[in-house]
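Written below as C-alpha cells is the structure these notes are about.
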Amino acid sequence: MHFAGLDRLFWAEGWFLYLALLFVLFWRGRWRQFPVLTCWFAFMAARTVLLFQMYLHGSTYWYTRVYTIGSWVDFALQLGVVVEIARIVLRPTGSWVRDARGYFLAIGFTCVAVAALFAWWVSPPGQSVRRVWEIRGNLFTSLVICELFVVMSLTANRLGLGWRNHVMAVGQTLTAWSAIMVIKTAFESFFGTQYLYTQLEQVRYLTNTAAYCWLLVQLWRQEPERQPISSDLQQYILALHRRVAYDLQRFDARH
C-alpha cells in the first residue's frame with residue numbers, strides 16, 4: 001500500500017477542508033439547520049485521520065475493512081443529508097406540503113431501483129470479485145445521491161417551493177460532486193481501474209477541493225432575506241386554514 005506525495009497532499013488538504021467546514025458550521029450556527037451535514041463532515045474528518053494512521057503503520061488488512069465500512073457509513077450520512085434538505089425545502093411551514101412527500105418518495109424509490117439495476121449490470125473487465133463489487137457499490141451510491149437531489153429539485157419546482165441560499169448551496173454542491181463521481185465510476189466500470197487510474201483519482205481530488213471550497217464560502221456568507229412564498233403555496237395555506245376552521249365549527253356544533 002503506497003501513496004504518492006501528491007496523493008498525501010490531497011489527503012491532508014481534504015482533512016483541513018473538513019475542519020474548516022466544521023468551524024464555519026459551528027461558528028456561524030449553521031449546525032442547527034444542518035445537523036446531519038455537520039455529522040457527515042465530522043465523520044469524514046475522523047475517518048481521514050484513522051485511515052492515514054493505518055496507512056503509516058502499513059496495516060493493509062484493517063485499512064481495507066475500515067475503508068469499506070466507512071464507505072457505507074458515508075453513503076448513509078449522504079442519504080441523511082438528502083432527507084435533511086428535503087425536510088427543509090418540502091416543509092416550509094413545518095409540515096409536508098400536500099403531495100410533496102408522496103411524490104418525492106415514489107420517484108425516489110424508482111430512482112434507487114434504477115441505480116441498483118444499472119450497478120448490477122456493469123461488469124468491469126479484469127477485476128477481482130471484491131474490486132468488481134466495490135466499483136458497483138461506488139456507482140450505486142453516486143447514482144442514488146445524484147438522482148435523489150434531482151428528484152427533490154423537480155419536486156420543489158413542481159410545487160412552486162423556494163430554495164434558501166444555504167440549502168441550495170449544499171444541494172448544488174453534492175449534486176455536482178455526485179455527477180462527477182458517476183462519470184468517474186462509470187468509466188472504471190467499463191474500462192477497469194488500471195486505465196488512467198491516477199488521472200481519474202486526481203480529478204476526484206480536485207473536484208472534492210473545488211466543491212468544498214465553494215461550499216465553505218457559501219456557508220460563511222449570510223443568507224439574503226427570504227422572498228415571499230409563491231402564490232400557489234399561499235392559496236394552499238389559506239385553503240388549509242379555512243378547512244381546519246370549518247371542521248372546528250362542525251365539531252363545536254355537534255357538541
Side-chain angles (χ1 to χ4, degrees), residues 10-51 67 69-94 96 100-101 104-105 108 111-112 115 138 140-156 161-182 204-224 226:
F10 282 130
W11 206 343
E13 181 185 52
W15 183 69
F16 281 112
L17 282 173
Y18 292 137
L19 293 184
L21 285 164
L22 288 171
F23 172 78
V24 171
L25 285 166
F26 281 105
W27 183 260
R28 289 294 202 177
R30 315 290 190 224
W31 66 271
R32 297 184 182 90
Q33 184 182 18
F34 300 107
V36 179
L37 181 69
T38 304
C39 291
W40 181 39
F41 287 138
F43 167 77
M44 293 300 291
R47 179 195 181 204
T48 300
V49 172
L50 182 59
L51 289 176
Y67 179 86
I69 296 173
S71 296
W72 286 108
V73 176
D74 177 23
F75 173 58
L77 288 171
Q78 288 184 52
L79 285 181
V81 173
V82 175
V83 174
E84 185 168 75
I85 295 178
R87 175 182 56 80
I88 297 171
V89 175
L90 304 180
R91 297 177 59 190
T93 61
W96 286 87
R101 178 165 53 185
F104 176 71
L105 291 176
C111 290
V112 171
N138 290 337
F140 171 75
T141 55
S142 299
L143 278 172
V144 167
I145 298 300
C146 189
E147 288 174 344
L148 287 181
F149 271 115
V150 172
V151 170
M152 185 184 59
S153 301
L154 293 176
T155 304
L161 302 176
W163 288 65
R164 295 177 62 184
N165 187 52
H166 292 154
V167 177
M168 180 178 291
V170 175
Q172 289 177 341
T173 299
L174 294 184
T175 302
W177 176 80
S178 297
I180 297 297
M181 293 303 100
V182 168
R204 181 174 70 86
Y205 288 135
L206 292 173
T207 301
N208 287 350
T209 301
Y212 291 145
C213 286
W214 190 81
L215 184 58
L216 191 64
V217 173
Q218 294 301 316
L219 290 176
W220 179 263
R221 298 171 59 184
Q222 294 292 344
E223 283 187 334
R226 293 191 184 187

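- Separation of atoms CZ (Phe16) and CG (Leu19) is listed at 7.0 Å; rounding is to 0.5 Å.
- Looking at residues two or more places apart in sequence or on another chain, you find a side chain to side chain contact (heavy atoms under 4.5 Å, CB included) between Arg221 and Val217, Gln218.
- Remark: Thr173 pairs with Ala211, Trp214, Leu215 by the side chain to side chain contact (heavy atoms under 4.5 Å, CB included) rule, at least two apart or across chains.
- Contact record, Trp220 with Arg28: O-NE, 3.0 Å, taken as the closest heavy-atom pair.
- Scored by the side chain to side chain contact (heavy atoms under 4.5 Å, CB included) test, Leu17 finds Glu13, Thr209, Tyr212, Cys213 as partners (sequence neighbours excluded).
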Can you give each donor-acceptor pair under 3.5 Å made by side-chain atoms of residues 70-86, sequence neighbours left out, with the distance rounded to 0.1 Å?
| from | atom 1 | to | atom 2 | distance (Å) |
| --- | --- | --- | --- | --- |
| Ser71 | OG | Arg47 | NH2 | 3.3 |
| Ser71 | OG | Tyr67 | O | 2.8 |
| Asp74 | OD1 | Trp40 | NE1 | 2.6 |
| Asp74 | OD1 | Gln78 | NE2 | 3.1 |
| Asp74 | OD2 | Gln78 | NE2 | 3.3 |
| Glu84 | OE1 | Leu37 | N | 3.3 |
| Glu84 | OE2 | Val36 | N | 2.8 |

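- Contact detail for Gln33 and Val167: the closest heavy-atom pair is NE2-CG2, 3.7 Å.
- With rounding to the nearest 0.5 angstrom, the CG atom of Leu216 is 9.0 Å from the CG atom of Leu25.
- Under the side chain to side chain contact (heavy atoms under 4.5 Å, CB included) criterion, Ala115 pairs with Phe140, Leu143, Val144, Glu147, sequence neighbours left out.
- Every side-chain hydrogen bond (donor to acceptor under 3.5 Å, both in side chains) that Trp177 has, sequence neighbours left out, goes to Asn208.
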